[in-house]
Amino acid sequence: MSATIKLKKLEEYLQSIDSFENPKILLEQYITPSHISSHFLYTIQNNYDDIREKLVADLGAGTGMLTIGSAILEASHVVGFEIDLDALNIAKFNADEMEVTNVDFVQCDVLNDLISDENKKWHKAFDTVILNPPFGTKKNSGIDIEFLKVATQLSNHSVYSLHKTSTRNYIQKKAKELNCKGEVIAELRYNLDSSYKFHKKASKDIEVDVWKFTLLS
Amino acid sequence: MKLITYNFLTSKCIRGVKVGYPLKLNVVEKKVEQQNFNPEFVQRMLPRLEWSAIKSAADIVGCAEIPENMNVETSLHDTDFLQKLHHLLLEIEIVNGSLICPETGRVFPITNGIPNMLLNEDEV
């Protein structure tokens, strides 16, 4: 089923989302741009009907861009999980400002607190899990796959994620290991503004793939 | 925090905790936020609910009309029941309060609607 609002309208809404005040390098905090976010979410709804009337999780929710965007696309309820309280308070402020109430934000360590062999309460709790994981280019390489692994355990149907195009073959291999069918459903350009002082150029483009992972039983 | 989220939260991550569920809900401030009623969604959630947790949460927030027991099969077509459950799960926002581990008494505060489930390093 098509989204009930236009793509342009969604992008306009998401442009008003406040970003990180003081981005934390170790958490790889930069906001998912509203342009990327709106295309990402719109593709998920229009092509796969996986947001509207669904229970959706957003892993590493940051300041709430994808959580709030999913809520605007009429998810029944969205839960945004995030470790950083500063980001969460901005996310909550953003949701309140936009009068979006079909969301929850939960402060937790996505990689360690949510699910394990002994702790399966969230196992398959969600219809759809979306995430823009840390790309893991700093001192935490492989963290995107760790996020993806948690995502596949939380979902009972499908997972949508963003990964650098340069890692495509690697992601495909990992999808198999996670017992998922992985497919690239869109390619986007990610304009990473110089949020951090050590970014020398004003901004640089990164090519990213939008992935759909379908759980194989 | 809405109670649909509460349904899934545990304190199992604390070292030594065996079940960590359900967390004891303590409500200081709550409000009601209207949501569109979608019976199919509530139907789909039924098998994912832990009824003992939902029932005790209903008592705490003052939803007296939630029954002691729930049978998924018979509840599926009871629109009146689904509507009440919709209200309980999706419309009651816990603004301030806490969640308490049933085994250790560890308190997880809920502030500005956000439950803080983070543990200290010496707790895991």
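Below, read A as the first sequence line, B as the second, and so on, with proteins coming before strands; counting in each chain starts at 1.
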Tell me whether A:K120 at atom NZ has more than 12 heavy atoms from other residues, nucleotides or ligands lying less than 6.0 Å away. yes
Go through A:N102 and B:L90 one step at a time and tell me if the side chain to side chain contact (heavy atoms under 4.5 Å, CB included) criterion holds. CA-CA 7 Å; A:N102 49 334; B:L90 297 171; over 6 Å; no
Residue A:F126 versus chain B: region with a heavy atom under 4.5 Å: backbone
Give the minimum heavy-atom separation between B:P115 and A:F105, together with the two atoms involved. CD-O, 3.2 Å
Scored by heavy-atom pairs under 4.5 Å with chain B, the best of A:D127, A:N112, A:V103, A:L85 is A:D127
Identify the heavy atoms of B:F8 and A:A125 that sit nearest to each other, and give their distance. CE2-CB, 3.4 Å
Just so I understand: if I count every heavy-atom pair under 4.5 Å between each of B:N36, B:V124, B:L9, B:N7 and chain A, which residue has the most? B:L9
Check against side chain to side chain contact (heavy atoms under 4.5 Å, CB included), B:I114 and A:N89: CA-CA 8 Å; B:I114 304 170; A:N89 281 328; 3.9 Å; yes
Pick one of side chain, backbone, both or neither for B:Q34, based on which atoms fall under 4.5 Å of a heavy atom in chain A. backbone
Output all residues satisfying salt bridge (charged side-chain N to carboxylate O under 4.0 Å, His left out) with B:K30, sequence neighbours left out; order by chain, then residue number. none
Which atom pair, heavy atoms only, marks the closest approach of B:R44 to A:E53? NH2-O, 2.9 Å
OG/B:S11 to CG/A:D113 distance, rounded to the nearest 0.5 angstrom? 11.0 Å
For the OG1 atom of B:T111 and the NZ atom of A:K92, what is their distance to the nearest 0.5 Å? 11.5 Å
Is the shortest heavy-atom distance from the side chain of A:E99 to the side chain of B:E33 under 4.5 Å? no
Below 4.5 Å, heavy atoms only, C-beta onward: do B:R48 and A:N156 meet side chain to side chain? yes
Distance col, row A:K121:NZ vs B:E50:CD, nearest 0.5 angstrom, shows 4.0 Å
Let me know if B:I4 has heavy atoms under 4.5 Å from chain A in its side chain, its backbone, both or neither. side chain
Counting heavy-atom pairs under 4.5 Å to chain A, which of B:N112, B:L89, B:V19 comes out on top? B:N112
A:L114, A:I83, A:V106 screened by side-chain contact (heavy atoms from CB on, under 4.5 Å) with B:M117, the one that passes: A:V106
Is B:N38 in contact with chain A via its backbone, its side chain, both, or neither, using a 4.5 Å heavy-atom distance? side chain
For atom NZ of A:K149, is the number of surrounding heavy atoms from other residues, nucleotides or ligands below 6.0 Å larger than 12? no
Contact class of B:F108 relative to chain A, heavy atoms under 4.5 angstrom: neither
Measuring from atom OG1 of B:T5 to atom CG of A:L55, what distance do you get when rounded to the nearest 0.5 angstrom? 7.5 Å
Within-4.5 Å side-chain heavy-atom neighbours: B:T10 and A:W122: no
Under the 3.5 angstrom rule, does the side chain of B:K2 hit a backbone N or O of A:T101 as a donor-acceptor pair? yes
Would you give the length of the straight line joining atom CD of A:Q107 to atom CD1 of B:I110, rounded to the nearest 0.5 angstrom? 12.5 Å
